[in-house]
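A short worksheet on the structure shown next.
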Amino acid sequence: MSAPSSLDTISSLCKRRGFIFHSSEVYGGINGFWDYGPMGCEMKRNIKDDWWRFTVRTREDVAGLDATIIMHPAIWKASGHLDTFSDPMCTCRACKKLMRADQIWDILLESAAGQSLQTLIDEKADFGKIAGWCKGKGQGMSPNLASIQKPEVLSAAVEALRDNPEQYMSVQAIYTLFGNDAASTEASTISPCPYCGGELTEPRPFNLMFKTIVGPVDDPANVAYLRPETAQAIFAQFQNVLSTSRQTVPFGIAQMGKSFRNEVTPRNYTFRSREFEQMELEFFIRPDEAVELICGKVKTMADNPDLSVPQDDWGWEVWHKYWVEQRKFWIQSCGLPKDSFVEYWQKPDELAHYARACVDIQYSFPFGVQELEGIAARSDFDLSQHQKHSGKSMEVFDEPLKLAATKLDDAAKTSFINKVVSDWTSRGKDAEAAKTFVAKLFEGKYVPHVIEPSAGVDRMMLALLCNAYEEQKLLDDKGKEDVRVVMHFSPRIAPVKVAVFPLVKNKPELYSKAREVFEHLRRRYSSFWDESGAIGRRYRRQDEVGTPWCVTVDFQTLEDGTFTVRDRDSMQQERLTLEQLKAKIEDALI
RNA sequence: GCGGGCGUAAUUCAAUGGCAGAAUAGGAGCUUCCCAAGCUUCACACGUGGGUUCGAUUCCCAUCGCCCGCUCCA
């Protein structure tokens, strides 16, 4: 038994059996867009339905939302996508590297009077760390900027410099730092490439969001964008959902739907598409300070909490871990074995600045270990951004919090204020902001924090396809070797649950009995009828689309009502009645 | 966006400056059959657009797409 699931093998099968087609194929195809065929759309629907069932319907604390793809452009300004998704890019004519103008350009253009390298390193611990990193990684490489391969390190360098504009390095200092000859660039009037010193192109706009025009007038004032994620609509509609769903924090809002990103390089089949579908949950929780006021103490992971049922005293850390576990459970329940994916905790220097923690669930795809979904603890960043930009309050009123606050005497309040201020300032935040925040807490008000589990439908499906694929070598009666291709989908995800065959098609009684069984089953389950070719051939066809059970109506069926039920994975057969078969299917679909 | 490789049937592969073949898969029929059996039969391809040429699937250019490596991936 082997599973040589190269992406080519998978994509061939997907095309041959009607799972996935290249979009617009008759016109040569279009890069980064894929269509789901008869089998694919059934399977994709099953994945989405199961996510919705697990995330929304079986929970009391999650409500649904289905928002539009095109929204007010101000949403993307508030979320930060407009700035970070449409940066001008430069290309180096010499080394052909592509870089964001605002990252590299700034260093080179906004140079101040020369600071010596040693001064910078001595005075700036952060920058010293970066330089150290470069030295460490640069072993065996020529010591120049090319040794900075990690974009986040570059970002950190820019960030460190930006915080201290008076200490921007000169171009010469940068080149000296990385061992390049300062003299060679000194006379240059064209800003050089920070990697090789070569000539850069002018910054060109590089939009990662798809643009469109709302209304018939093609005017820049009417520009709108196709959403690059579904999450923002949830934040924008937060107050509406809250006031109509009879929910109170902690609770979540879930949404699935299409998103669009103008990826630089869509690659790896459907893994990184330009049009894709997301399943996102924004789960809103109390700030830890509110939990502390209500419960007296905040539970953290250090307390080794039981994660099975949410508790009032959970802090953000426990909630985050809780959702990581929930997501892993769901992924497994779809049929991905536990050992096929890993839980990757992003390092502090990999986190977005507003994120407190982010876990990637990564699957071993044939092309490498890649992110399947992410679970981020995003603090109150998103709601606060929308509150700031829209001018509308994103605060909630929390009655238990108000009650808890009124029970505190002045001394306890002062002590609490001091504690929060000391905590915030130790994390580099403003003391006044902390005091305002606590004053609001005492009134029972705060902007909720959020835990965001965000999954890609297409990625999940690709992982399930890769995982399900198996080529089995079989020997027939004559000892002849034969290869069977089987898709081991879990019954819940399988596009077709049951196939029905008449053993022979030229015996009217048998044929009509088989039709009767089929008509009965298809009312409830996705079913497939096949009367063509030898019975073995029909079994193999179903194996390739992963149908868990095949039913063959034969002569005995006419006598006792039982038929053969053949199991996809074991190829074993058993005789069952219709009722027994239905019970078997129901059992597997729970 | 850059560099390299590659585009022939639904799939996997041949061949060719002069009628493009096969295997598998698919349809119809016979066989009435429990793991791709057999027989008969049918349909299906040179990604697209230019150029060179008497003639281009083949050579050249462009374009689109795929793969690999960069780059990018809030």
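Here is how names work: the chains are called A, B, and so on, in the same order as the sequence lines, proteins then strands, and each is numbered from 1.
Side chain of A:Arg537, nearest nucleotide from B:A28, B:C70, B:A37: B:A37. Here the side chain of A:Arg267 is nearest to one of B:C67, B:C35, B:U32, namely B:C67. When each of B:C35, B:U32, B:C73 is scored by its nearest atom to the side-chain atoms of A:Arg566, the top-ranked nucleotide is B:C35. Nearest to the side chain of A:Asn506, among B:U32, B:C34, B:C73, sits B:U32. Closest to the side chain of A:Arg16, out of B:C66, B:A10, B:C34, is B:A10. Taking every side-chain heavy atom of A:Ala534 into account, B:A37 is the closest of B:A10, B:G27, B:A37. With B:U11, B:U31, B:A36 as the candidates, the nucleotide lying closest to the side chain of A:Arg17 is B:A36. Picking from B:G26, B:C34, B:G69 the nucleotide with the shortest atom distance to the side chain of A:Thr564 gives B:C34.
Taking the P atoms as reference points, B:U48 lies 16 Å from B:A20, given to the whole Å. Comparing B:G21 with B:A36, their P atoms sit 32 Å apart, to the nearest whole Å. Atom name P, nucleotides B:U40 and B:A22: the rounded distance is 15 Å, in whole Å. Using P as the reference atom, B:A15 and B:C67 are 24 Å apart when rounded to the nearest Å.
A cation-pi contact, defined as under 6.0 Å to the ring centre and within 45° of the axis, links A:Arg459 to A:Phe271.
A:Arg272 comes within contact range of at least one nucleobase, with a heavy-atom separation under 4.0 Å. A:Ile535 comes within 4.0 angstrom of the backbone, heavy atoms only, and of no base. As judged by a 4.0 angstrom heavy-atom cut-off over every strand, A:Glu544 is placed among the base-contacting residues. Among the heavy atoms of the strands, none lies under 4.0 Å from A:Phe21. Nucleic acid contact class of A:Arg378 (heavy atoms, under 4.0 Å, all strands): none. Nucleic acid contact class of A:Ser532 (heavy atoms, under 4.0 Å, all strands): sugar-phosphate only.
Remark: the backbone N or O of A:Met571 is not paired with any side-chain donor or acceptor of A:Arg566 at under 3.5 angstrom.
Rounded to an integer number of Å, the gap from A:Glu531 CD to B:G27 P is 10 Å. In this entry the distance linking CD of A:Gln370 with C1' of B:C73 reads 10 Å, nearest Å. Here B:C66 presents its C1' atom at 17 Å from CD1 of A:Ile10, a figure rounded to the nearest Å.
Remark: A:Lys507 engages no residue in a salt bridge (charged side-chain N to carboxylate O under 4.0 Å, His left out) (not counting sequence neighbours). Not counting sequence neighbours, the partners of A:Ser384 by the side-chain hydrogen bond (donor to acceptor under 3.5 Å, both in side chains) test are A:Asp380. Residues passing the salt bridge (charged side-chain N to carboxylate O under 4.0 Å, His left out) test with A:Lys505: none are found, sequence neighbours excluded. Under the side chain to side chain contact (heavy atoms under 4.5 Å, CB included) criterion, A:Ser570 pairs with A:Asp567, A:Gln572, not counting sequence neighbours. Annotation: side chain to side chain contact (heavy atoms under 4.5 Å, CB included) contacts of A:Thr562 (sequence neighbours excluded): A:Gln556, A:Asp560, A:Arg575, A:Thr577.
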Show the atom names and distances, to 0.1 Å, of all donor-acceptor pairs under 3.5 Å that link a side chain in residues 227-235 of chain A to residues at least two apart or in another chain.
| from | atom 1 | to | atom 2 | distance (Å) |
| --- | --- | --- | --- | --- |
| A:Arg227 | NE | A:Lys258 | O | 2.6 |
| A:Arg227 | NH1 | A:Ala67 | O | 3.2 |
| A:Arg227 | NH1 | A:Thr68 | O | 3.2 |
| A:Arg227 | NH2 | A:Lys258 | O | 3.0 |
| A:Glu229 | OE2 | A:Gln232 | NE2 | 2.9 |
| A:Thr230 | OG1 | A:Glu280 | OE1 | 2.5 |
| A:Gln232 | OE1 | A:His386 | NE2 | 2.7 |

Stepwise side-chain contact (heavy atoms from CB on, under 4.5 Å) test for A:Ile331 and A:Met460: CA-CA 8 Å; A:Ile331 290 169; A:Met460 185 65 191; 4.2 Å; yes
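Within a 6.0 Å radius of NE2 in A:His72, other residues, nucleotides and ligands contribute 12 heavy atoms or fewer.
No hydrogens or angles were tested; on distance alone, a donor-acceptor pair under 3.5 Å links the side chain of A:Gln573 to the base of B:C34. Residue A:Asp554 places a side-chain atom within donor-acceptor reach of the base of B:C34, judged by atom type and a 3.5 Å distance cut-off alone.
Side-chain N/O atoms of A:His22 include none lying less than 4.0 angstrom from OP1 or OP2 on B:G65. Put simply, A:Lys505 has no side-chain N or O that comes within less than 4.0 Å of OP1 or OP2 on B:U32.
Shown here, B:C19 is classed syn by the O4'-C1'-N9-C4 or O4'-C1'-N1-C2 angle, which is within 90° of 0.
The list of salt bridge (charged side-chain N to carboxylate O under 4.0 Å, His left out) pairs with a residue in residues 18-38 of chain A, not counting sequence neighbours, reads A:Lys15-A:Glu25.
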Bracket string, RNA chain B, 5' to 3' - pairs by Watson-Crick or G-U geometry under 3.5 Å, | interstrand: (((((((..((((....[..)))).(((((.......)))))....(((((..]....))))))))))))....
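The stretch residues 23-39 of chain A touches RNA chain B through A:Gly28, A:Gly29, A:Ile30, A:Asn31, each having a heavy atom within less than 4.0 Å of the strand.
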